[in-house]
Amino acid sequence: MPSDVIDQLNPPDPVVSDKNVTPPRLGFLGGLRWMWRQLTSMRTALILLFLLALAAIPGSVFPQRGTSPLRVAEYLQDHTTIGPWLDRLNLFDVYAAPWFAAIYLLLMVSLAGCIVPRCFQYARNVRSVPPAAPRNLARMPEHRSWTVDGSASVALDRAERVIRSQRFRVRPRDEGAHAVSAERGYLHEIGNLLFHVSLLVLLVGVAWGAWFGYRGNVVVVEGEGFANTLTQYDDFSPGRGFSPSLLAPFSFTLDDFEATFLQEGPRRGQPDSFTAEMTYRTSADAEPTTTTVEVNHPLGVDGAKVFLIGSGYAPMFTVRDGDGDVVYSGAVPALPQDASFTSTTVVKVPDVQPEQLGFNVTVAPTAPERVSPATGPKSLFPEADNPRVYLGAWAGDLGLDTGIPQNVYQLDTSDMKQLGRQDLAVGETWQLPGDRGSITFDGLAEFANLQVASDPGRWVALWAVGAGLIGITLSLLVHRRRVWVRVSRNEEGRTLVEVAGLSQTEWSGLANEVDAVAAQIQSDQEDDKEHM
Amino acid sequence: MTSESWAHLSNGLVYSTIIVLAVALFAFALDLAVGSGRRRLQSRQQRRSSSHGAVAHGAESHGSVAVANPPVNTGELPADERWARVGVSLSVLAAVLISLAVLTRGISAERPPWGNMYEFTVTGVAALLVIWVAMIGRRKEWRDLGIIVVLFSLLLLGVAVLVLYTESAELVPALKSYWLWIHVTAAIISSAVFTVGSLASVLYLISERTERRVAAGERGGMWDAVGVRLPSSTALDRVAYQTIAFAFPLWFFAVVAGAIWAEDAWGRYWGWDPKETWSFVTLVIYAAYLHARSTAGWRGRPAAIIAIIGLAAFLFSYFGVNIFFVGFHSYGGV
Ligand code: HEM
């Protein structure tokens, strides 16, 4: 395509042309204007897009605090020299890093600076008419011509009728003109603008959600409940604009929880389904509603969502003192250690005489016949087919009064002495040595690891993305193109009809369209002849 | 038939596809050497010797109506298309076989067969071949991508069979979601189309280089021997743009569908998990390609290089991420 032809449709971007690369001496304001122009140029947009792609990569290479804080700590421990440097460069928080923000904010500013003026320009141009036909139609990428008998103006009227019937916008014919100019495909531009604007809206939605949203995890044992207040969470990460009043006042109880696993086949033991039956209330005095929560099917209440993200077992124990009085009774969640749900936890019994008691607990939902001394107790299968607990009992000071927060899954045995070891099946009781009482394994409950998340910006993001999808599809499917018809007298005194087409964007359908216009004009021409 | 025997049948079909593709590759290579590639070589030489200074536009003539400006390379010799035809026929056969392999795998697993890397790859190759063959049905021009599309499919199937193979089995609960099927279907189709576009860009670079060297009167080396037999750079550029422009919205949609699924499964629609990060990187690079196409000074070679980087990013998000990184997207097998 000759370059001047392209330029007819795409007027050269004054900002892109290479002459503008060095700042002209325009003083301070001029300099600012020049910088603004540079920022909003296509070339800058391109480079910023590249930088954005490049900047996102380290976040996949290094562990990130947001998603895996433990792995970050591990990495820092293992790499004492470069670790701190990487940390200083924010490489463990890439997506919250100032340099990452700088890139996407610049891109968004560039985008706004590029798109907003184009929207106005577009609004001004909606009703504009296509420009007059270029002098030499034969130089257009698509060009057809043929000769007819009869008057040129009749032929031109006919051509205009055909073009109008094909939903082109037609330039009103100037007095004495011999050509028709027409254009269609304006949705291309609308789509493009819609797409870029929706990217801006998307960013707003994402930022809104990150600012006012929150996310928290809680472990709930079957039969127990949860109320949406800060103290009930095991861990909680709020956005910067969060305040506790944003917590919706719902509550629920976990009535029943069931995890099933594949019983056979190559993936034996792989999770098959997780189902949680829950009763929830949207506020303290609302009607209770029952519902089922599964993986991929969260519970939505009041703008928050409750997800099932994991599960495990909670052995239930009753501990009695030397007199046979119950000093402890309940279920303790145990942390799964492997795919077969061999799990560990501790039981702490502070209110017992003569000394406090503590138990290290290993749970095997399906216990092996014999425990291998090398590996310790290992569950054979994740379901609770033959549950057994392996206990180590300690007596002494649990260290709860030191004021230092303790890990609930760990026993601080520095001030304790071991009493012995024992394993128990459901219903069995172990009499502790020295008349210290007993511990009974009452059974195995399941617990669900639930995540509560609220992202008030997600609807904005979803709408933006939907609009963007429509926009980009229009923009890439619809092609803005012009078609011209010119009639002239040739040397033999016949009427030469020329049809030409030009598309602003690469489009293989242009040839067909020009063919169709030409064929329609020709067939109308035949009809007219018959009617004469 | 039992689940295992369906799975067996599926494996047999994959092996058959590999054999058919290998023969197709041979046919396309022959075509390049002695068939239509040779013809192109001759017509280019002719064009150079005739003083026809015009641009290589309008390589194909559309003329239901008398054409005023004749297509430039009129002097084409009657083409020996035999080998190209053989290649295309075999490719059609391969497309059918691999589609049947996908189907039987699905019957075996009793679900759409895209639940692990092996299945994605096989389905991806099926999509690539079917789409490309359908494209040839519409325009013969696309046939010229044969050598590289077939080569690439063979490599992917090789990796699938040798490295990624997993027994047909149930899915973990997180993968049981209809958004997954939507997400993966869109991702497979769009990545197949991106692949066609980026592979066309690879050929573009070879062809464009040769054109530049021939114009400068330099005698060619090995790459020019290939380049001179390829379609014109204009045609390849057009193919690349059209395919990528088609795939871009679909990939965008795939990423969005994935985000909607992630929102239900993990409680957040976007978490910069390595898989998410890399699909974002791929999206941004292809956006850069589309931009480059309409930025002065970036058309042609730079744009083609960006398209190839896009393919590299896609391949990394596909294979690299599962192999090198720990993330949520851990499917059964690799
Ligand atoms: C946030 C990042 C951006 C993304 C993901 C993006 C994406 C895209 C895509 C996919 C297209 C192709 C649509 C088509 O060809 O019609 C496009 C076109 C375009 N973009 Fe962007 N864009 C971004 C930022 C920008 C910025 C900052 C500018 C302004 C400097 C800009 C200006 C344009 C223009 C003028 C077009 C039309 C090109 C044409 O007519 O072919 N974009 N953009």
Side-chain angles (χ1 to χ4, degrees), chain A residues 1 10 12-13 16-18 42-43 45-46 49-50 52-53 56-57 59-60 64 66-67 94-95 138 141-146 206 215 262 265-267 270-274 294-298 305 307 309 451 453 455 458 461 465 468-469 472-473 476 498 506 508 511-512 515 518-519 522, chain B residues 55 57-58 62-69 139 167 169-170 172-174 176-177 179 237-238 241-242 245-246 248-249 252-253 256 259-261 263-274 277-278 280-281 284-285 287-288 290-298 313 321 325-327 332:
Chain A
M1 206 188 294
N10 291 338
D13 184 345
V16 174
S17 75
D18 286 341
M42 276 292 266
R43 186 187 323 135
L46 190 60
L49 276 173
F50 250 122
L52 184 65
I57 292 175
S60 70
Q64 298 294 297
T67 47
V94 165
Y95 308 108
E142 296 297 336
H143 180 250
R144 315 279 181 271
S145 65
W146 66 94
V206 171
R215 164 185 309 277
L262 295 181
R267 305 265 176 86
Q270 173 185 291
D272 186 37
S273 72
F274 297 108
E294 294 172 76
V295 176
N296 288 333
H297 295 283
K305 281 189 168 185
F307 304 86
I309 57 171
Q451 182 168 81
D455 182 341
R458 70 179 198 281
V465 148
L469 210 49
I472 187 69
T473 309
L476 291 171
E498 287 175 281
E506 200 76 61
S508 58
N512 288 340
D515 282 343
Q522 288 185 319
Chain B
V55 237
H57 192 24
H62 317 277
S64 63
V65 197
V67 179
N69 57 335
R139 274 162 86 89
E167 300 276 341
E170 278 273 326
V172 295
K176 290 176 187 161
S177 156
W179 276 110
D237 184 49
R238 190 167 53 217
Y241 173 73
Q242 286 174 351
F246 174 82
F248 187 85
F252 188 48
F253 173 72
V256 171
I260 293 176
W261 168 43
E263 148 95 321
D264 273 355
W266 301 320
R268 83 288 184 291
Y269 57 84
W270 196 266
W272 296 107
D273 167 88
T277 302
W278 277 90
F280 172 80
V281 169
V284 171
I285 292 177
L290 291 176
H291 271 215
R293 289 264 327 188
S294 35
T295 306
W298 287 77
V321 168
F325 300 139
V326 184

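A note on names: the letters A, B, ... follow the listed sequences, proteins ahead of strands, and every chain is numbered from 1.
Looking at Ala453(A), the atoms closer than 4.5 Å to chain B (heavy atoms on both sides) all sit in the side chain, from C-beta outward. When heavy atoms are compared at a cutoff of 4.5 Å, Val94(A) does not approach chain B at all. In this structure, chain A has a heavy atom under 4.5 Å from the side chain of Tyr241(B), while its backbone stays farther away. Heavy atoms of Phe248(B) lying under 4.5 Å from chain A belong exclusively to its side chain.
Closest non-hydrogen pair, Val281(B) versus Ala56(A), comes out as CG2-CB, 4.0 Å. Counting all heavy atoms, side chain and backbone alike, Ala292(B) lies closest to Leu46(A) at N-CD1, 3.8 Å. Here the closest heavy-atom approach between residue Arg43(A) and residue Trp298(B) is recorded as CG-NE1, 3.8 Å. Taking both residues in full, the closest heavy atoms of Val465(A) and Phe252(B) are given as O-CE2, 4.1 Å, listed atom of the first, atom of the second, then distance. For Ala53(A) against Ile285(B), the heavy-atom pair with the smallest separation is CB-CG1, 4.0 Å. Here the shortest heavy-atom pairing between Tyr269(B) and Arg458(A) reads CE2-CB, 3.8 Å.
In this structure, Trp278(B) and Ile57(A) have side chains that are in contact, with non-hydrogen atoms separated by less than 4.5 Å. Counting heavy atoms from C-beta on, the side chains of Phe280(B) and Leu52(A) come closer than 4.5 Å.
For Gln242(B), the side-chain hydrogen bond (donor to acceptor under 3.5 Å, both in side chains) test picks out no residue, with sequence neighbours left out. By the ring-ring contact (aromatic ring centres under 6.0 Å, His included) test, Phe253(B) pairs with no residue at all, sequence neighbours left out.
Of the listed residues (Arg215(A), Gln64(A), Glu498(A), Glu294(A)), the greatest number of heavy-atom pairs within a distance under 4.5 Å of chain B belongs to Arg215(A).
Between the CZ atom of Phe50(A) and the NE2 atom of His291(B) there is a distance of 12.0 Å, given to the nearest 0.5 Å.
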